[in-house]
S.K.: 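Got a structure for you, questions after.
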Amino acid sequence: MKKLKMLYEGKAKKVYQTEKENLYIVDYKDDATAFNGLKKGSILGKGVINNKMTNIVFQYLAENGIENHFVEELSDRETLVKKVQIVPLEVIVRNIAAGSFSKKFGVEEGTPLKNPVLEFSYKNDALGDPMINEMQITAIGIATEKELETISKSALKINALMQKFFLEKEIILVDFKIEFGKYGDKIILADEVSPDTCRLWDANTKEKLDKDRFRRDLGGVEEAYQEVWRRIKE
Ligand code: ADP
Ligand code: UDP
């Protein structure tokens, strides 16, 4: 499958049309941004790791009943995916307090949460991806009540599956962001699952193995991505 017209260049990926009307190619870049694009940089080799890691996780999820956009890995950085109409929501699931949750509620980072927390942000760069609740989502028409129920149930199931997947690699899944898209009359998982979109801590040392190393200038950014990949590829 060949890349035709580039349809979209995002912060971390490019999306291309293909000869097939219902398929896209995503091409993962090394570019990294944080704080709504305010901090910019590059993480050498990130595109390759995020591409391959997403594909392994998506295949694991598919085997466990989570339908998603993965079709075929085409190269180190490129994957063929089902074309979906993205529901403009960042669906966030948290198991341990960190990041904006810790800041907002004054809960120390690393505090285990008594139940998984589901949150939504409205995917809108101009507005800075504001947090949004379910009634606001249905009121504006971002998703219907039924669609939102599908998304919520699926996100919590994905959380349970991914917690198990990562723990087998001695990694704690602290929190993550996923996106869903409309595919015909279904809603399926799309976009990516990577150290860009998950907080991943070493289960023994609690060392951060994700994009927080870039966001917070902790150093060892490339090494952290490589470490996650080393554990997953086995
Ligand atoms: P951003 O838009 O946040 O900068 P990326 O750089 O990752 O993010 O760009 C990839 C874009 O492709 C995102 O807007 C994402 O919602 C979209 N996308 C991901 N998977 C699919 C898909 N299967 N079909 C259509 N669009 C997709
Ligand atoms: N996240 C993401 N993209 C975003 C915002 C958040 O992938 O635009 C992920 C982030 O990596 C973390 C989770 O969602 O795993 C929760 O992020 P949080 O709300 O704590 O925001 P942050 O502290 O990253 O600003």
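Atoms within a ligand are numbered from 1 in the order they appear, just like the ligands themselves. One is the number of the first residue; the rest follow in order along the sequence.
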S.K.: Can you find a pair of side-chain heavy atoms, one from T54 and one from V26, that are under 4.5 Å apart?
M.R.: no

S.K.: Quick test of your reading of the structure: of R215, R199, K177, whose heavy atom lies closest to atom 11 (O) of ligand 2?
M.R.: R215

S.K.: Which protein heavy atom lies closest to atom 21 (O) of ligand 2, and at what distance to 0.1 Å?
M.R.: S100 OG, 3.7 Å

S.K.: Around atom CD of E9, are there more than 12 heavy atoms of other residues, nucleotides or ligands at under 6.0 Å?
M.R.: yes

S.K.: Record the part of E179 in heavy-atom contact with ligand 1 below 4.0 Å; permitted values are side chain, backbone, both and neither.
M.R.: side chain

S.K.: Answer with yes or no whether the side chains of D76 and Y28 bring together a donor and an acceptor at under 3.5 Å.
M.R.: no

S.K.: Near Q85 CD, under 6.0 Å, is it more than 12 heavy atoms from other residues, nucleotides or ligands?
M.R.: no

S.K.: Below 3.5 angstrom, do we get any N/O pair linking Y8 and ligand 1?
M.R.: yes

S.K.: Just let me know how V84 lines up against ligand 1, side chain, backbone, both or neither, with a heavy-atom cut-off below 4.0 Å.
M.R.: both

S.K.: Would V81 count as being in polar contact with ligand 1, using the rule that some N or O on each side must be under 3.5 angstrom apart?
M.R.: no

S.K.: Looking at ligand 2, would N36 count as a contact under a 4.0 Å heavy-atom criterion?
M.R.: no

S.K.: What is the closest protein heavy atom to atom 12 (C) of ligand 2, and at what distance does it sit?
M.R.: D175 OD1, 3.1 Å

S.K.: Would you mind listing which atoms of ligand 2 come within a distance below 4.0 Å of any non-hydrogen atom of G99?
M.R.: 20 (O), 23 (O)

S.K.: Check whether any heavy atom of E119 sits under 4.0 Å from an atom of ligand 2.
M.R.: no

S.K.: Considering only protein heavy atoms, which is closest to atom 12 (O) of ligand 1, and at what distance to one decimal place?
M.R.: V15 CG2, 3.4 Å

S.K.: Applying a strict 4.0 Å limit to heavy atoms, is R94 in contact with ligand 2?
M.R.: yes

S.K.: Mark up the atoms of ligand 2 that fall under 4.0 Å of a heavy atom belonging to E90, in ascending order.
M.R.: 4 (C), 5 (C), 8 (O)

S.K.: Taking the side chain as C-beta and beyond, is there a heavy-atom pair between V117 and V93 under 4.5 Å?
M.R.: no

S.K.: Check contact between K211 and ligand 2, using heavy atoms of the residue and a distance below 4.0 angstrom.
M.R.: no

S.K.: Indicate, as side chain, backbone, both or neither, the part of K103 found under 4.0 angstrom from ligand 2 when only non-hydrogen atoms are considered.
M.R.: neither

S.K.: For ligand 1, note which part of H69 has a heavy atom under 4.0 Å away: side chain, backbone, both or neither.
M.R.: side chain

S.K.: Got the closest protein heavy atom to atom 18 (N) of ligand 1, with its distance?
M.R.: I86 CD1, 3.7 Å

S.K.: What are the two closest heavy atoms between F176 and A155, and how far apart are they?
M.R.: CZ-O, 4.2 Å

S.K.: Just verifying a value: how many Å separate K169 NZ and W229 CH2, rounded to the nearest 0.5 Å?
M.R.: 10.0 Å

S.K.: Which is closest to atom 10 (C) of ligand 1 by heavy-atom distance: K13, K82, E9?
M.R.: K13

S.K.: Note the single closest protein heavy atom to atom 20 (N) of ligand 1, along with its residue, its atom name and the distance in Å.
M.R.: D191 N, 3.3 Å

S.K.: Run the side chain to side chain contact (heavy atoms under 4.5 Å, CB included) check on K14 and K29 step by step: do they pass?
M.R.: CA-CA 8 Å; K14 294 179 194 167; K29 309 189 285 181; 4.0 Å; yes

S.K.: Would you call R199-D210 a salt bridge at under 4.0 Å N-O?
M.R.: no

S.K.: Is ligand 2 under 4.0 Å from a heavy atom in the side chain of A34, in the backbone, in both, or in neither?
M.R.: neither

S.K.: Which residue and non-hydrogen atom of the protein lie closest to atom 8 (O) of ligand 1, and at what distance in Å?
M.R.: K11 N, 4.2 Å

S.K.: Treating Ile, Leu, Val, Met, Phe, Trp and Tyr as nodes and any side-chain heavy-atom pair under 4.5 angstrom as an edge, say whether I172 and L113 lie in one connected cluster.
M.R.: no

S.K.: Between D196 and ligand 2, which residue portion shows a heavy-atom distance shorter than 4.0 Å: side chain, backbone, both, or neither?
M.R.: backbone

S.K.: Do me a favour and list the nearest non-hydrogen protein atom to atom 6 (O) of ligand 1 with residue, atom name and distance?
M.R.: A12 N, 2.6 Å

S.K.: When you look for heavy atoms under 4.0 Å from ligand 1, do you find them on the side chain of K123, its backbone, both, or neither?
M.R.: side chain

S.K.: Could you please spell out the steps behind the side chain to side chain contact (heavy atoms under 4.5 Å, CB included) verdict for R231 and D202?
M.R.: CA-CA 11 Å; R231 295 189 199 183; D202 181 283; 2.5 Å; yes

S.K.: May I ask you to check whether over 12 heavy atoms, not counting those of K39, lie within 6.0 Å of atom NZ?
M.R.: yes

S.K.: Counting C-beta onward and ignoring hydrogens, is there a side-chain heavy-atom pair between I43 and E222 closer than 4.5 Å?
M.R.: yes

S.K.: Near F176, which atoms of ligand 2 are under 4.0 Å from a heavy atom of that residue?
M.R.: 14 (O), 15 (O)

S.K.: Taking the side chain as every heavy atom from C-beta outward, state whether L189 and F70 have any pair of such atoms under 4.5 Å apart.
M.R.: no

S.K.: Nearest protein heavy atom to atom 25 (O) of ligand 2: under 4.0 Å?
M.R.: no

S.K.: Kindly compute the distance separating CG (N64) from CD1 (I158), expressed to the nearest 0.5 Å.
M.R.: 11.0 Å

